[in-house]
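Below: one structure, written as structure tokens.
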There are 4 protein chains.
Amino acid sequence: MSLPNVKRPKRAGWRRPTQRRARQTVEAILDAVVKVLKRDGLKAVTTNRIAEAAGVSIGSVYQYFPDKQAIFVALHRRHIDDIDRLVATTLVENANSSLEDLIRSMVEAITDAHTVDPELYHMMFSEVPHRAEGTKDFTVRFRGAFRLALAGRVDELGKARDLDKLVFVVTHMVESLCHGAALRRPPGLSLTDAKEEAVRAIVAYLRV
Amino acid sequence: MSLPNVKRPKRAGWRRPTQRRARQTVEAILDAVVKVLKRDGLKAVTTNRIAEAAGVSIGSVYQYFPDKQAIFVALHRRHIDDIDRLVATTLVENANSSLEDLIRSMVEAITDAHTVDPELYHMMFSEVPHRAEGTKDFTVRFRGAFRLALAGRVDELGKARDLDKLVFVVTHMVESLCHGAALRRPPGLSLTDAKEEAVRAIVAYLRV
Amino acid sequence: MSLPNVKRPKRAGWRRPTQRRARQTVEAILDAVVKVLKRDGLKAVTTNRIAEAAGVSIGSVYQYFPDKQAIFVALHRRHIDDIDRLVATTLVENANSSLEDLIRSMVEAITDAHTVDPELYHMMFSEVPHRAEGTKDFTVRFRGAFRLALAGRVDELGKARDLDKLVFVVTHMVESLCHGAALRRPPGLSLTDAKEEAVRAIVAYLRV
Amino acid sequence: MSLPNVKRPKRAGWRRPTQRRARQTVEAILDAVVKVLKRDGLKAVTTNRIAEAAGVSIGSVYQYFPDKQAIFVALHRRHIDDIDRLVATTLVENANSSLEDLIRSMVEAITDAHTVDPELYHMMFSEVPHRAEGTKDFTVRFRGAFRLALAGRVDELGKARDLDKLVFVVTHMVESLCHGAALRRPPGLSLTDAKEEAVRAIVAYLRV
DNA sequence: CATGAATGAGTGTTCATTCAT
DNA sequence: AATGAATGAACACTCATTCAT
């Protein structure tokens, strides 16, 4: 249920069975939320239904989460961690790429990640409170990643540009256009074209 | 509770008291939603609370709305109509302006509209299902407005551009950057600078 | 369900239907608690069961009581008010009686009041928090009643007695012996004999 | 957690470690109930909380008690055994005392025993069903003790008295007045005075 | 024997909705 | 039309109890 193209490294180290089991249960619960959500819609996502879909008792759910809200927050964190890892990976893998290639890789990766599960993301944003812990951190890290990427490519940017402004605009463009390409494309515009146009727009802005 | 800088024309013509009264009640209910939402948060927005805050009985609420969802949809529509009007007005007022001036006016208007009530808009968008009727219409009209604006300024655009792609990217940029400038500015970036940078980015893209 | 030998005066005055109805519902709920308790035991006294037994919906129960605890408190108050009235009435009715006759009337009245419903009183004392508002007041009023009764009969009391001590002991004796006569009589001791012996004990103490 | 002034004799004899351990665990559990009760109130007394406070696993609790109720019954029994011992000891120690001195010793002992832990005793009596096995035995033994004491002092009693009635009234007076002196004294009445007045009342009754 | 994760029936409570007045 | 008391399905959550390890 997590992003398919995100490598979630399995620790080689040994874990006490209890902890492994616990981790499995938590994952099962988070997966169950997505499962129920997609199968029966947001209103059907009740704690008892989650438990049932996860194959555990409702009591067990409350062994791992203090309340319903906490489940959504955890789900949110998992998503954020996925995207985080995606961004970091893309950044590293494109250390020697041109600015355009980096942007293209980034747009491809993020767009594809969101192609999977439209309704899920809507729910997560509607259930998880705004200033939830992990969210702010993510914004900071997201901006940090782009600042890093741009700082190392000053020669490819327009002259005398203010990095703060660049980062502000670029992060919003990436997020919005990837989201749009994946979920809000107008009829008649292919996914491929949408992504390419997004890249073109971002690059154009950076080069001015 | 609607956008302050949007002119909501009052019909001069006469209406049967009943209809005027009905309109007033509907408005009172929608305003009550906003009031409760801002004062006590999303979870406190119950139909009974809405009725109370609107100064009408719960029975009256159901006289005007078939169910709770419908109230949110109406609220959403009201906001959308405001923005719609804003866009149309800006378009008309800048009929003879340069592309850059048009974009600037648009960014200013939309950003300012969202500066008023940050939390409100997020909640509204998260509560009402995205594919709700009114939203789609808005997207269509929003795109239509920009298509119109761009189609009349082909000479200011880059050569051989596909209007569909342009509209797709521009609408997303406007929405995202205005939203970002109003609600998600990083510390150290002023509202003025954010808006100006947004304009620069959009214009840069259009001119490539 | 209230004490049968307590006159609960019906106001002659007019009440708005709403308020009369409300009062009826509240009474029905309190009666329902007693009903369920006696029929199925303490563990069966759930809010839903109370509602069912009262012939109202669970929602209505929560219209009149903020939570389950409040129902027990109200029941407690009702009982206390009954006993209160009982004591006051007995006091007045025996204004001209001898000390012994007054004590006898008091013992009779209170004992008989508790003969009705043993399990009920146990539950009430176990569910309602100790220092609940009305309880303290009752103790004060109970003591006040006896202080009044004794202060007017100093010639029938032992010489140079301290009223505070008399009241302390007498109130405890009355409460305990009436309770005991009604609920904890040893086999072979009739209710009549138990009451008479209680009277003898109390009078003996007062005359020393 | 048991009464401090009650000597709980430690058997000199040898026991298999298992049994000693078992006894210790049972005691730890009962003490844990009291601990949780006093610290967090009746509602917090859950089996898991008891286990935690006792420093044993929930499984172990169920090794020694068939269900939750049984824990309360055992706790009750422990208290009753303490009081029982107290009464017996006082009786023996006052074998040659006058009636008044015996009553005084009894009142002192029982009152002091309850001075320690007001809230505890009330909760215990309200939680455990009144007709629980151990309780009845206690009542029988309590009455037996006083019957014995009074039977040996007929010359100090009023003439032609019925022992059954005497015992009924005296046991209730002792219990109620000791309880009252310890827990429900009115402001302005000292513990010493309350006890002495209780003695005076009981003796007065017995001598009539 | 000890453990404590797992269980799930059952609880108190909420709130969108109805309808007699 | 307007009212608001009444409804009751549905929910989040608890906790006594079990049992595999």
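Here is the naming used below: chain letters follow the sequence lines, and residue numbers restart at 1 for every chain. Only heavy atoms go into these numbers, but all of them, side chains included; no hydrogens, no water, no symmetry mates.
Going from atom CD1 of D/I29 over to atom P of E/dT3 covers 10 Å, rounded to whole Å. Here the P atom of nucleotide F/dT17 and the CD atom of D/Q69 are 10 Å apart, to the nearest Å. Rounded to whole Å, atom C1' of E/dA9 lies 14 Å from atom CG of C/N48. Residue A/K43 contributes atom NZ, which lies 12 Å from atom P of F/dA12 at whole-angstrom precision. E/dT11 atom C1' lies 13 Å from atom CD1 of C/I71, rounded to whole Å. At whole-Å resolution of the value, CZ in B/F72 and C1' in E/dA16 are 12 Å apart. Between the CG atom of B/L42 and the P atom of E/dA16 there is a distance of 11 Å, given to the nearest Å. Distance B/I50 CD1 to F/dG4 C1': 16 Å, rounded to the nearest Å.
Taken from OH in C/Y64 to CD1 in C/I71, the straight-line distance is 13.0 Å, to the nearest 0.5 Å. Rounding to the nearest 0.5 angstrom, the gap separating the NE2 atom in D/H79 from the CG atom in D/L30 is 13.5 Å.
Taking side-chain N and O atoms only, C/Y64 has a distance below 4.0 Å to OP1 or OP2 of F/dA6. An OP1 or OP2 oxygen of E/dT7 is reached within less than 4.0 angstrom by a side-chain nitrogen or oxygen of A/S60.
Remark on DNA chain E: of its neighbouring residues B/T46 and D/S57, the 5'-side contact belongs to D/S57, judged by nearest-heavy-atom nucleotide. The 5' end of DNA chain E is approached more closely, in terms of each residue's nearest nucleotide, by C/P66 than by the other of C/P66 and B/Y62. Both A/V45 and B/I58 lie close to DNA chain F; mapped to their nearest nucleotides by heavy-atom distance, the more 5′-ward contact belongs to B/I58. Mapped onto DNA chain F by nearest heavy atom, C/V56 and B/G55 fall at different nucleotides, with B/G55 at the one closer to the 5' end.
Using a 4.5 Å heavy-atom threshold, the side chains of B/D40 and B/R49 count as touching. B/E52 has its side chain out of reach of B/I58: every pair of non-hydrogen atoms, C-beta onward, lies at least 4.5 Å apart. Residues D/V26 and D/F65 meet the side-chain proximity criterion, which asks for heavy atoms closer than 4.5 Å.
Searching all strands for a Watson-Crick or G-U wobble partner of E/dA20 with both distances below 3.5 Å returns F/dT3. Across all strands shown, E/dT14 forms a Watson-Crick or G-U wobble pair, both distances under 3.5 Å, with F/dA9.
The same atom, C1', is picked in E/dC1 and in F/dT21; the two are 13 Å apart, to the nearest Å.
Counting only heavy atoms from C-beta on, A/D67 has its side chain closest to F/dC13 among E/dT13, F/dG4, F/dC13. Closest to the side chain of D/Q63, from the set E/dA6, E/dA2, F/dA12, is E/dA2.
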